[in-house]
Amino acid sequence: MLRWLIGGSREPQGLAEKSPLQTIGEEQTQNPYTELLVLKAHHDIVRFLVRLDDYRFVSAGDDGLVVVWNAQTGEKLLELNGHTQKITAIIAFPSLEACEEKNQLILTASADRTVIVWNCDTGRQVQKVSCFQSTVKCLTFLQRLDVWLSGGNDLCVWNRKLDLLCKTSHLSDTGISALIEIPKNCVVAAVGKELIIFRLVAPIEGSLEWNILEVKRLLDHQDNILSLANINDLSFVTGSHVGELIIWDILDWTMQACEHNFWDPFPQLDTQQEIKLCQKPNDISIHHLTWDEENVFVAVGRGLYVYNLQMKRVIACQKTAHDSRVLHIAKLPNRQLISCSEDGSVRIWELREKQQIAAESVPTGFFNMWGFGRVNKQASQPVKKQQENATSFLLELIGDLIGHSSSVEMFLYFEDHGLVTCSADHLIILWKNGERESGLRSLKLFQKLEENGDLYLPA
């Protein structure tokens with residue numbers, strides 16, 4: 001484990017003159033993460049981080065190793081060895097409410113076609129399932145029914161003892177890429193460019209059998225679905241490889257909003273930058289989504305967009321937030337957003353209010369989607385007038401974390417212990433609030449001097 005003090009700014013290699021990437025000065029006065037700990041345990045790409053509690057997290061990746069860490073000190077607590085190939089999915093597995101012994105469990109799935117239940121307090125392998133016909137790509141736990149689901153080429157339902165309760169028939173060779181729970185004992189599975197709604201049927205009196213029924217297929221996406229998330233009690237959202245974003249009603253599964261105009265920028269946006277943006281699928285893929293009570297935050301290619309749920313429009317964007325595709329984003333307190341990218345960067349943004357100039361035209365093109373669909377010229381007049389006088393925001397870069405040498409896959413945020421990032425460089429970095437750490441070191445020194453009686457000088 002290495003501790004570094006950090007500072008300065010990054011000049012993207014070979015892109016200093018070509019890229020419109022926003023940069024930040026050397027001071028970075030609003031960036032609290034001025035110290036870092038480098039954690040070494042993995043021997044291949046580290047793709048997953050899972051929070052266990054307020055002071056522990058788990059990492060996993062392509063070496064098949066699962067490691068439990070202390071988020072405060074960076075100490076490696078446990079190494080969990082059991083998989084022979086890369087980890088493909090991982091989730092925390094809640095303990096039973098009625099159980100006196102509250103052990104922290106996790107589920108891990110691997111390309112070796114096994115799923116293992118681990119006890120993260122002892123490092124013990126609780127149980128292992130090896131009967132899968134394909135690699136499990138996603139896992140989810142349904143608290144209310146107390147079952148967990150595995151998604152591969154089919155969808156399987158399991159109980160806590162790892163008994164198979166029921167399963168679907170073969171769905172697709174590409175497999176299920178994402179799963180979320182929705183009301184009425186239903187789940188949504190992303191399979192290629194389709195969404196499939198399944199309903200779980202629990203045993204009723206006189207029957208011990210579970211069942212899983214396909215209820216509906218939603219065929220509105222034109223390309224593979226990369227992101228799927230619940231955004232509130234009323235809606236869930238999906239984003240695809242070619243930039244389609246659809247918001248769905250969570251109860252009747254109808255489209256609340258959609259956009260299919262991404263590849264055809266409007267004439268008034270006929271600029272070289274907009275044309276270039278629409279040429280590469282990777283530049284428009286919606287790879288990750290996150291949300292809070294007010295906004296949905298969307299990673300679109302290399303850019304970041306903020307959509308306000310109440311105003312039903314984009315209120316801020318950074319079209320080139322990174323030099324490469326954004327892989328993960330998360331909302332922090334105090335209107336801050338963190339993003340990480342294939343370019344190895346981790347950046348901190350702050351959502352700041354600005355007054356939109358009345359004569360300023362409202363952006364269209366791809367993010368015409370935030371107006372929810374095509375509208376004719378007459379119908380758009382009141383909307384345009386309203387937007388001209390509306391308050392808009394900007395995403396201001398306040399921190400650029402320099403540490404990884406390769407793609408940063410994801411991160412975790414701990415309010416008291418800092419930020420954890422994992423990367424294709426095989427490293428995990430624990431970013432620390434330098435001011436807070438300095439205060440803690442001073443406090444420890446003071447306490448040690450007091451214990452030794454060195455604080456009291458002779459008269």
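In this structure, E435 has no salt bridge (charged side-chain N to carboxylate O under 4.0 Å, His left out) partners at least two apart in sequence or on a different chain. When the salt bridge (charged side-chain N to carboxylate O under 4.0 Å, His left out) test is applied to D53, the partners found at least two apart in sequence or on another chain are R56. Residues passing the salt bridge (charged side-chain N to carboxylate O under 4.0 Å, His left out) test with D54, sequence neighbours excluded: R51. Legend: residues meeting side-chain hydrogen bond (donor to acceptor under 3.5 Å, both in side chains) with Q127, ordered by chain and number and at least two apart, are absent. For W158, the ring-ring contact (aromatic ring centres under 6.0 Å, His included) partners at least two apart in sequence or on another chain are F132, W148. Judged as a side-chain hydrogen bond (donor to acceptor under 3.5 Å, both in side chains), and not counting sequence neighbours, the contacts of S423 are D425. Residues forming a ring-ring contact (aromatic ring centres under 6.0 Å, His included) with F297 (at least two apart in sequence, or on another chain): none. Under the side-chain hydrogen bond (donor to acceptor under 3.5 Å, both in side chains) criterion, H43 pairs with no residue at all, not counting sequence neighbours. Partners of R352 under the salt bridge (charged side-chain N to carboxylate O under 4.0 Å, His left out) rule, at least two apart in sequence or in another chain, are E350. With sequence neighbours excluded, the residues that form a ring-ring contact (aromatic ring centres under 6.0 Å, His included) with H288 are H328.
Residue pairs meeting the salt bridge (Lys or Arg N to Asp or Glu O under 4.0 Å) criterion with at least one member in residues 405-415, sequence neighbours excluded, are R47-E409.
If you check the side chains of H221 and N224, you find no donor sitting under 3.5 Å from an acceptor.
Between D400 and R347, at least one side-chain nitrogen of the basic residue sits less than 4.0 Å from a carboxylate oxygen of the acidic one, meeting the salt-bridge criterion.
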Under 3.5 Å, side-chain donor or acceptor atoms of residues 329-337 against the rest of the protein: list the pairs with distances, not counting sequence neighbours.
none

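Looking at N230, its side chain never comes within 3.5 Å of a backbone N or O of N232 through a donor-acceptor pair.
Heavy atoms only, all atoms of each residue included: A109 and V115 are closest at CB-CG2, 3.9 Å.
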